[in-house]
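Notes follow once the structure below has been shown.
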Amino acid sequence: RIGKRRYVDITKLERSVHGLFGEIGAYVYDETTSGRSVKNDDPYVKERIETISAMKSEVRAIEDEISEIELTHPPKRLDE
């Protein structure tokens, strides 16, 4: 259960975050090279930043869940 949460769920979220960073970068690049400036309240950027923040919060929640599981269910020793 811990492995799935750590390596599947967190990895999936982190890849999504990196993808959103790429989208923001491409958008800023396109806007800048077209002579337009990007403002802090740009809806495109703002939406993606909010999504990234939510995903990072979800990663922290999963990490907290994993820590709780590890504290309440310590790993079994091989000689048991």
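By convention here, the first residue in the shown sequence is residue 1.
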Which pairs of donor and acceptor atoms, one on a side chain in residues 23-30, lie under 3.5 Å apart (sequence neighbours left out)?
unit_1: Glu23; atom_1: OE1; unit_2: Arg48; atom_2: NE; d: 2.9
unit_1: Tyr27; atom_1: OH; unit_2: Asp42; atom_2: OD1; d: 3.3
unit_1: Tyr27; atom_1: OH; unit_2: Asp42; atom_2: OD2; d: 2.8

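- Among residues two or more places apart in sequence or in another chain, the side chain to side chain contact (heavy atoms under 4.5 Å, CB included) test is passed with Lys56 by Val17, Phe21, Ile52, Arg60.
- Residues Asn40 and Val45 have side chains not in contact (no heavy-atom distance under 4.5 Å, counting atoms from C-beta outward).
- With rounding to the nearest 0.5 Å, the separation of OG in Ser67 from CD1 in Ile62 is 12.0 Å.
- With sequence neighbours excluded, the residues satisfying side-chain hydrogen bond (donor to acceptor under 3.5 Å, both in side chains) with Arg6 are Glu70.
- For the side chain to side chain contact (heavy atoms under 4.5 Å, CB included) test, residues two or more places apart in sequence or in another chain that qualify with Arg36 are Glu31, Ser34.
- You'll find the side chain of Val59 stays beyond 4.5 Å of the side chain of Met55, heavy atoms only.
- The environment of Asp64 atom CG is dense: over 12 non-hydrogen atoms of other residues, nucleotides or ligands sit within 6.0 angstrom.
- In this structure, Ile10 and Arg5 have side chains that are not in contact, with every pair of non-hydrogen atoms separated by 4.5 Å or more.
- Residues passing the side-chain hydrogen bond (donor to acceptor under 3.5 Å, both in side chains) test with Lys4, sequence neighbours excluded: Asp9.
- At least one side-chain heavy atom of Ser37 sits less than 4.5 Å from a side-chain heavy atom of Lys39.
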